[in-house]
Amino acid sequence: MLIRRDCLSILFLSLFLGGCASATVTAVGDPERPITINAYITIDIKGLKDTADNIEDYVSGDESIKSVKGE
Amino acid sequence: MKKTSGILLVLCLYTFYYVSLVCAGAYDIKELTPVVKEALDGRKARNDQMQSLKDKGIVGENNKGYVQLLVEGQGGKGLVNAENHDRKVIYEAIVEQNNLDAEAIKAVEKVFAQERRDRAKPGEKIQEEAGNWITK
């Protein structure tokens with residue numbers, strides 16, 4: 001009984017692995033068509049604004065140069 | 001118990017992710033290279049002269065983050081060129097030192113343009129984002 005169950009398990013496992021091994025993935029597409037990737041870059045506008053603020057403060061004479069480095 | 005701890009873990013991960021986004025903020029000039037320092041000091045030294053030209057309406061702040069000569073023949077061309085050169089150096093330093101994409105310079109310019117518009121004094125000529133020139 002146990003041997004039969006084991007044989008069945010091995011059989012099913014073999015069938016499954018055989019099925020995986022024989023499966024192929026075919027990519028369909030035109031190899032000459034260029035691939036376009038749209039990358040959207042997120043910039044922290046608030047952070048940029050703080051930097052702009054510091055730099056313009058320094059240029060107008062209100063702050064020391066340390067403020068430009070965010071110190 | 002396991003379900004609760006799993007949910008808690010996911011919540012912690014989300015919190016950490018968003019908090020790090022918020023704190024990731026400033027795009028400072030991290031290193032004051034000689035070129036950047038020269039540009040900053042140049043702008044500072046020239047600030048009073050630029051302000052005088054703006055007060056007379058000879059120069060205005062455009063919507064790209066640079067100054068623009070509005071009246072020809074009144075002098076100021078050299079000053080405008082020098083100012084714009086220094087501004088470009090600073091913008092490029094911000095992009096480079098913060099590992100931003102080259103395209104990000106447009107965003108930097110826009111932010112500085114808005115900053116200059118906000119700081120403009122009444123009577124100065126500024127170019128709005130839409131492109132029209134107004135007197136503040």
Side-chain angles (χ1 to χ4, degrees), chain A residues 1-21 23-71, chain B residues 18 20-34 36-51 54 61 65 67 83 86-87 89-91 93-95 97-121:
Chain A
M1 188 69 177
L2 278 171
I3 295 168
R4 195 178 169 188
R5 197 190 295 171
D6 283 343
C7 287
L8 277 173
S9 304
I10 290 166
L11 178 64
F12 282 131
L13 187 61
S14 307
L15 283 171
F16 174 72
L17 288 172
C20 288
T24 55
V25 175
T26 308
V28 178
D30 182 357
E32 289 179 23
R33 190 178 66 191
I35 299 168
T36 306
I37 300 168
N38 291 321
Y40 296 99
I41 300 156
T42 304
I43 293 174
D44 176 21
I45 297 297
K46 172 75 171 63
L48 261 179
K49 197 190 174 313
D50 288 341
T51 301
D53 209 21
N54 289 338
I55 288 171
E56 296 304 324
D57 277 344
Y58 172 73
V59 165
S60 61
D62 291 343
E63 292 288 341
S64 72
I65 202 158
K66 282 187 182 178
S67 67
V68 168
K69 290 177 75 177
E71 292 170 13
Chain B
Y18 284 112
S20 62
L21 274 183
V22 166
C23 295
Y27 298 100
D28 293 319
I29 288 181
K30 294 172 170 51
E31 191 192 341
L32 276 173
T33 61
V36 173
K37 192 164 185 313
E38 192 182 333
L40 285 166
D41 290 343
R43 286 195 63 201
K44 188 171 180 170
R46 175 182 323 119
N47 189 55
D48 289 344
Q49 288 174 286
M50 289 302 310
Q51 191 57 54
K54 285 178 190 177
E61 290 282 349
V67 286
E83 176 70 12
D86 288 344
R87 287 187 185 196
V89 165
I90 292 163
Y91 301 160
I94 292 169
V95 168
Q97 292 185 20
N98 290 281
N99 298 315
L100 299 174
D101 190 74
E103 290 291 309
I105 194 156
K106 292 192 177 90
V108 173
E109 288 171 346
K110 279 184 90 170
V111 168
F112 271 84
Q114 184 60 51
E115 184 68 25
R116 296 302 328 174
R117 275 197 294 273
D118 292 343
R119 286 172 180 253
K121 294 176 184 165

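Every chain is numbered from 1 and lettered A, B, ... according to where its sequence line falls, protein lines coming before strand lines.
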Gap between atom [atom2] of [Y] and atom [atom1] of [X] - 0.5 Å precision:
X	Y	atom1	atom2	answer
A:Asp53	B:Arg119	CG	CZ	5.0 Å
A:Lys49	B:Asp118	NZ	CG	6.0 Å
B:Glu115	A:Leu48	CD	CG	11.0 Å

For this session: Would you indicate whether the side-chain heavy atoms of A:Ile55 and B:Arg43 approach each other to under 4.5 Å?
Result: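 Yes, at least one pair of side-chain atoms sits under 4.5 Å.
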Exercise. Any side-chain heavy atom of A:Ile45 sitting closer than 4.5 Å to one from B:Tyr27?
Worked result: no
Exercise. Under a 4.5 Å heavy-atom cut-off, does chain A meet the side chain of B:Arg116, its backbone, both or neither?
Worked result: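 Side chain only.
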Exercise. Within a reach of under 6.0 Å around NZ of B:Lys44, are more than 12 heavy atoms found that belong to other residues, nucleotides or ligands?
Worked result: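 Atom NZ in B:Lys44 is crowded, with more than 12 foreign heavy atoms closer than 6.0 Å.
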Exercise. Is the number of heavy atoms from other residues, nucleotides or ligands within 6.0 Å of CD (B:Glu38) greater than 12?
Worked result: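 No, CD of B:Glu38 has 12 or fewer neighbouring heavy atoms, counting only those of other groups under 6.0 Å.
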For this session: Please say which of B:Asn47, B:Ile90, B:Asp86 ends up in a side chain to side chain contact (heavy atoms under 4.5 Å, CB included) with A:Val59.
Result: B:Asn47
Seminar exercise, completed: Exactly one of B:Asn98, B:Val108, B:Ile94 clears side chain to side chain contact (heavy atoms under 4.5 Å, CB included) with A:Thr51, and that residue is B:Ile94
